[in-house]
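Written below as structure tokens is the structure these notes are about.
A quick note: this is a predicted structure, and the numbers were derived from the prediction, not measured. Positions are given from 1 along the sequence. Every number for a ligand or one of its atoms is a count from 1 in the order of the listing. Any value given below was found using the heavy atoms of this structure, including those in side chains, with hydrogens, waters and symmetry copies removed.
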Amino acid sequence: MEASAPAGWNPVPTATSAVEDAVRVIGGQLLASMQEQPSPGILTSKGINARLIEWSLRDPAFKARLFRFVDVLPALESSAEVVRHLKEYLGEGAAELHPAFRAGLGAASVAPGLVAGPVRGRVAAMARQFVAGESVEDLLRRFRANAAAGMATTIDLLGEAVLSEEEADAFLARNLEVLDTFDRALRGEAPCQSDLGPLGRAEPRVNLSVKPSALAPDAQPADPEGAVASLSRRLRPILRRAAETGAFVNFDMESTRWKELTLALFRSILEEAEFREAPAAGIAIQAYLRESEHDLRPLIAWARSRGRRIGVRLVKGAYWDSEVVLARQRGWPVPVWTRKPETDLAFERLSVLLLENADAVLPAFATHNLRSVAHALAQAERLGVDRRAVEFQALYGMADDLKAALLRAGCRVREYCAVGDLLPGMAFLVRRLLENTSNESFLRQRHAGVEPARLLASPASLDSAAAPPGGRTAQDERPPGARGFRNAASADFTRAAPRARMREALAAVGEELGRRYPLVIAGKEVRTAAEIVSVDPAHPSVVVGRCGSAGPAEVDAALAAARAAFPGWARTPAAERAAVLERAADLIEARRFRFDALMVLEAGKPWLEADAEVSEAIDFCRFYAAEMRRLSEPRRTQEVAGELCHEEWLPRGVGVVISPWNFPLAILTGLTVAPLVAGNAVVMKPSGQTSVLAAWLFQALAEAGLPPGVLAYLPGPGGSAGARLCEHPGTDFIAFTGSREVGCRLWEVSGRTAPGQASLKKMVCEMGGKNAILIDADADLDEAIPAVLSSAFGYAGQKCSACSRVIAVEGVYPRFLDRFLAACRSVPMGDPARPGTVVGPVIDAGAKEKILGYVEQGRREARLAWQAELTPELSASGGFYVPPTVFTEVEPGHVIAREEIFGPVLAVLRARDLERAFELANGVEYALTAGLFSRSPSALERGRRELLAGNVYLNRGITGAIVERHPFGGFKMSGGGTKAGGRGYLENFMFPRVVAENVMRRGFAPEE
Ligand SMILES: Cc1cc2nc3c(=O)[nH]c(=O)nc-3n(C[C@H](O)[C@H](O)[C@H](O)COP(=O)(O)OP(=O)(O)OC[C@H]3O[C@@H](n4cnc5c(N)ncnc54)[C@H](O)[C@@H]3O)c2cc1C
């Protein structure tokens, strides 16, 4: 069959028949050698493991449950918990695994240790298949055993994504300890066969693999400059010691969000004067990434220009599943090849590139795939590259027969040995289990008995007819929702291009600050004597804009204009109204970075959050447009002969939108465009603090074709203009999001019927929350802690969905608190105009004072466990900064446990068990968002059933609702139960009407 080179690739020079012949010969020889001395692996294991693997291969659902159980096991403190989780995950299957388990599970309540001990032993044994040991001594033993067999070693200290400076320091110390221990221990020892390069030249014996994410808790891939600085602080001592001891340091490659950062770090630190010559260093390149060739070429050129030979470890990539899932969730192009032969082909292409540049790089082919190995060897032969100028690398516990065969063939082989505690080891173990049991994996195919010719066949020749070649994106693959609606994709600030556009937009919008924005009534600008001055919360002396301020006359005029415009707009076909919203969405999307920049400057919102908000605004326009198209088709109420009955929807009339400053674009857009598309006329009164953003939104809607008068831009004081708008008899509905105090007042206002009022006023009301995240005893703290941090402190806690209470159950409380408080110290606080900032200023001086009042209240009633310190620079800036604060020993009756604070203040409560944690979570007056972190299926089920909140989030943060995916809104004192961005929302702004027509004439009814 034809070679199907993925889009963007040159024809593969590897697929010549001479190379293919050589691959077959070399591969055949290696295979024969491997078969002489077969070695055990997880796929050929015996006993329970064999059964587990066999079931996993047969049943993907069982595999998911098994891997989840393996993942949670190290966190379970008692035997009873082990048994409970085993039963919850594997059910009856657990007893089937081993006769001893059947007895033990039956008697579990009496003697859970009967089961827990062997289960832990089993999983530990499984982990030991992939983890070379727990201590440096274990490692040294393995190193020597490898050396005796002629094989070199690379050392990986388990531990990924650290949460605090302490954890990163510990990781650094362990790396230094390894370098020291090995330096001492190996002195005077002769190199092994794999340490010798061409002409017998000895290469560094100690080879350390480092994961950059473990070096700094505050490294933000969206801020590479800042991240490189903080990662370099801990990398320097490692490189220094490596240089002193003659060791080699390899930079591992992690998920794609770390890729640009890792490449930048590699280059920038090796350019430092101290490291220009030493140590020897290398970096992993992942062939499964579509853009790896574009990364590798400049890297090679850079190495050559600096006269420095660097190691390049070519891997396929270990995060394939999560890369695909996350890209699809975010609507980003899938960064990896989506068909296995595409990755294999890319590996071959990159192998050739490395071999062609073996003067500048030391190629290391890290794969267990015989075809990939044989191909590299065949190409080396073709290009005249000495076999000993390259390395083959494989993981500990995998493909031992291939390692042995390569050694026998005179190749240099290095084994990647992970060492460390079981707990951080679980992510590594689960990745290895996934890899081994994946249908696509070479090892699995070999185990399944695929014949040698196919195992050695060129990936270009493998069947790919079922799917189009390359170039597929997440947008194509994601199933659309309602009427083809798809969420807008936010900018990926881990990439250079969007960051550059954002910087340009910040500069451009910065130049335009201070402009005047008059009111707009009936399509005409109206100047007022009074004005609202909007300032930058990070630099309050900077005026963002001066907006008109409505008084009673403007209120009345705007309502009258809306009333006049309403009938024409209501008669406009729904499809035309929807098209206006869709054009507005396109305009906002085209101006994405300008809106982002304005939001940073006017609302103090950090980049990522600002950009997500722009996406949400776009989504509201497109989703409500799609919804209106659906609702505009009359719905037959019942299929009955002789009568045609249809339900249809009529707009309510004239509405008032009162919106807050904390989602100055998204909430305002949602509240405005929903009633508009339903055929209503609207008077938009945005928050004073963010009236410029509202003017920009108004402008986009006007440009999109909204007729004059249908929408008024009417900023003004809430107490006078807002109140008059809502009380006015000419107002048919109020769409409000804001504080509980104002919301409750307006709810009352909406209930009063004034003389002359045409209809009962409808109120759509969203207010605050006192949202909790529950931490169960078995929670994954690596996931829970970052989620709590971002939910509590993102945008300085100024979200109605923010987490303001954490409720941790007894068993996990001390562990959670220790790690959490340490992690708090690494939350980046600063000017939101900087890309790495997570906590910026609060909106104004009044908000700051109010939040600080709650901090004082907290000091009186609970224990201040942590408070950030403002840097002198921030204090001097005059910005409205409030230091993130955590209180512990908080009782449910305390003010800080009950009242909404709307700032970066978190109350931590302790619950004796999950039952009590649910009681505490539900025992407040609000019901907006709630979260639960647990790895117990039954606890998650309970969370689903019992958590009283409009939006319940399991094992994830509790902010960041996405239109259509997470319709948003709460009940109790959080709101009236409406769901923004969900089905049914538009109906709030319409009256249902049913038309029934008798179609029977003289006993004759038309056939249906
Ligand atoms: C010494 C060593 C160091 C390593 N260091 C790193 C590292 O720093 N970073 C890292 O990410 N990984 C690293 N890995 C892991 C490596 O990326 C692979 O996951 C692993 O080696 C399996 O690939 P393979 O070539 O051995 O097996 P194969 O079975 O030939 O390939 C499996 C790989 O193919 C890819 N794949 C699977 N399904 C598909 C699909 N549908 N479409 C497209 N591609 C698919 C995936 O990358 C998968 O891992 C390392 C591996 C070794 C041996």
Side-chain angles (χ1 to χ4, degrees), residues 6 41 43 130 132 151-156 160 207-214 250-259 262 266 282-290 292 311-325 334-348 350-351 364-376 391-400 402-403 406 413-418 427-428 430-448 450 455-457 459 462 464 466-467 469-470 472 477:
L43 293 173
F130 300 109
M151 188 159 60
T153 301
T154 183
I155 303 158
D156 166 50
E160 295 167 24
N207 184 306
L208 189 66
S209 290
V210 178
K211 289 201 168 41
S213 69
N250 193 79
F251 292 46
D252 281 5
M253 197 58 87
E254 303 173 77
S255 60
T256 345
R257 61 189 291 269
W258 283 85
K259 191 200 68 179
T262 305
F266 182 72
I283 188 164
I285 292 287
Q286 295 157 319
Y288 68 7
L289 291 181
R290 291 171 192 265
S292 276
V312 174
R313 173 197 291 160
L314 185 60
V315 302
K316 287 186 189 158
Y319 309 86
W320 189 85
D321 299 70
S322 55
E323 295 292 2
V324 173
V325 168
V334 174
V336 293
W337 300 112
T338 47
R339 286 179 298 130
K340 172 71 163 54
E342 290 176 319
T343 295
D344 290 338
L345 208 53
F347 190 92
E348 298 194 354
L350 296 169
S351 300
F365 303 102
T367 173
H368 312 108
N369 184 322
L370 178 63
R371 157 78 203 188
S372 307
V373 165
H375 171 266
E391 275 188 9
F392 290 92
Q393 300 189 348
L395 299 178
Y396 171 84
M398 286 170 71
D400 287 344
L402 178 60
K403 294 172 198 159
L406 282 167
V413 180
R414 189 177 297 280
E415 184 176 77
Y416 185 103
C417 287
F428 186 81
V430 169
R431 274 207 298 277
R432 299 289 83 80
L433 287 175
L434 269 174
E435 220 159 75
N436 276 278
T437 54
S438 151
N439 279 336
E440 308 276 13
S441 125
F442 175 85
L443 293 176
R444 165 88 195 273
Q445 300 221 341
R446 183 162 171 239
H447 174 69
V450 172
L455 288 179
L456 287 171
L462 291 177
S464 55
R472 285 190 299 176
E477 291 163 2

Inset, instruction - Determine, using heavy atoms of Ser372 and all atoms of ligand 1, whether some pair is separated by less than 4.0 Å. - result: no

Inset, instruction - Examine Thr343 against ligand 1 and note whether any of their N/O atoms are separated by less than 3.5 Å. - result: yes

Legend entry - Side-chain touch Thr262/Ile283, heavy atoms, less than 4.5 angstrom: yes

Inset, instruction - Do me a favour and list the nearest non-hydrogen protein atom to atom 5 (N) of ligand 1 with residue, atom name and distance? - result: Arg313 NH1, 3.5 Å

Legend entry - Within-shell test, Leu395 vs ligand 1, heavy atom, strictly < 4.0 Å: yes

Legend entry - Residue, atom name and distance, where the atom is the protein heavy atom closest to atom 19 (O) of ligand 1: Glu435 OE2, 2.7 Å

Legend entry - Mode of Tyr319 contact toward ligand 1 - side chain, backbone, both, neither (heavy atoms, under 4.0 Å): side chain

Legend entry - ligand 1 atoms in contact with Tyr288 (distance to a heavy atom under 4.0 Å): 47 (O)

Inset, instruction - From the options Ala418, Ala394, Ser441, Ala318, select the one whose nearest heavy atom is closest to atom 10 (C) of ligand 1. - result: Ala318

Legend entry - Identity of the nearest option to atom 30 (O) of ligand 1, non-hydrogen atoms only, from Val210, Asn369, Asp156: Asn369

Inset, instruction - Hey, could you give me the CG/CE distance between Leu443 and Met398, rounded to the nearest 0.5 Å? - result: 5.0 Å

Inset, instruction - Could you tell me the separation between the OG1 atom of Thr153 and the CG atom of Leu208, rounded to the nearest 0.5 Å? - result: 12.0 Å

Inset, instruction - For Asp156 and Ser209, test the side chains for any donor-to-acceptor distance below 3.5 angstrom and give the result as yes or no. - result: no

Inset, instruction - Could you check atom 9 (N) of ligand 1 against the protein and tell me its nearest heavy-atom contact, residue, atom and distance included? - result: Met253 O, 2.7 Å

Legend entry - Contact check: Tyr416 vs ligand 1, nitrogen or oxygen atoms, below 3.5 angstrom: no

Legend entry - Spacing of Gln393 atom CD and Lys403 atom NZ [to the nearest 0.5 Å]: 11.0 Å

Legend entry - Where ligand 1 meets Thr367 - atom numbers and elements under 4.0 angstrom, heavy-atom basis: 24 (P), 25 (O), 26 (O)

Legend entry - Any Thr343 side-chain heavy atom under 4.5 Å of Glu440 side chain: no

Legend entry - Met253 side chain near Val315 side chain, heavy-atom distance below 4.5 Å: no

Inset, instruction - Identify, by atom number and element, the atoms of ligand 1 in contact range of Gln286, meaning under 4.0 Å from any of its heavy atoms. - result: 9 (N), 10 (C), 11 (O)

Legend entry - Phe442 contact mode with ligand 1 (heavy-atom cut-off under 4.0 Å): both

Legend entry - Side chain proximity check, Val336 to Glu342, heavy atoms < 4.5 angstrom: no

Legend entry - Nearest-0.5 Å distance that lies between atom CG in Leu370 and atom CG in Leu402: 6.0 Å

Legend entry - atom 47 (O) of ligand 1: the protein heavy-atom neighbour that sits closest, reported with distance to 0.1 Å: Gly317 O, 2.6 Å

Legend entry - Residue part near ligand 1, for Glu254, under 4.0 Å between non-hydrogen atoms: neither

Inset, instruction - Using distance alone, determine whether Gln393 and ligand 1 share an N or O pair under 3.5 Å. - result: no

Legend entry - Residue, atom name and distance, where the atom is the protein heavy atom closest to atom 41 (N) of ligand 1: Trp320 CZ2, 3.2 Å

Legend entry - Tyr416 vs Asp252, side chain to side chain donor-acceptor pair (under 3.5 Å): CA-CA, chis, key distance, verdict: CA-CA 11 Å; Tyr416 185 103; Asp252 281 5; 2.5 Å; yes

Legend entry - Gap separating the CE atom of Met151 from the CZ atom of Phe392, nearest 0.5 angstrom: 14.5 Å

Inset, instruction - Using a 4.0 Å heavy-atom threshold (strictly under), name the region of His368 that reaches ligand 1: side chain, backbone, both or neither. - result: both

Legend entry - Side chain to side chain, Trp320 and Trp337, heavy atoms closer than 4.5 Å: no

Legend entry - Within reach of ligand 1, part of Arg444 (heavy-atom separation under 4.0 Å): neither

Legend entry - Ala366 N/O to ligand 1 N/O under 3.5 Å: no

Inset, instruction - Given side-chain contact (heavy atoms from CB on, under 4.5 Å), test Phe365 with Ser351 step by step and report yes or no. - result: CA-CA 8 Å; Phe365 303 102; Ser351 300; 3.5 Å; yes

Inset, instruction - Check each heavy atom of Thr154 against ligand 1 and say whether those closer than 4.0 Å belong to the side chain, the backbone, both or neither. - result: neither

Legend entry - Any Lys340 heavy atom less than 4.0 Å from ligand 1: yes

Inset, instruction - Of the side chain and backbone of Arg414, name the one, both, or neither that has a heavy atom under 4.0 Å from an atom of ligand 1. - result: neither

Legend entry - Atom pair NZ (Lys340) and CG (Leu345), whose distance is rounded to the nearest 0.5 Å: 11.0 Å

Inset, instruction - Could you tell me whether some N/O pair between Val315 and ligand 1 is separated by less than 3.5 angstrom? - result: no

Legend entry - Check: His375 and Asp344 side chains under 4.5 Å, non-hydrogen atoms: no

Inset, instruction - Could you tell me whether Ala284 and ligand 1 have an N or O pair separated by under 3.5 Å? - result: no

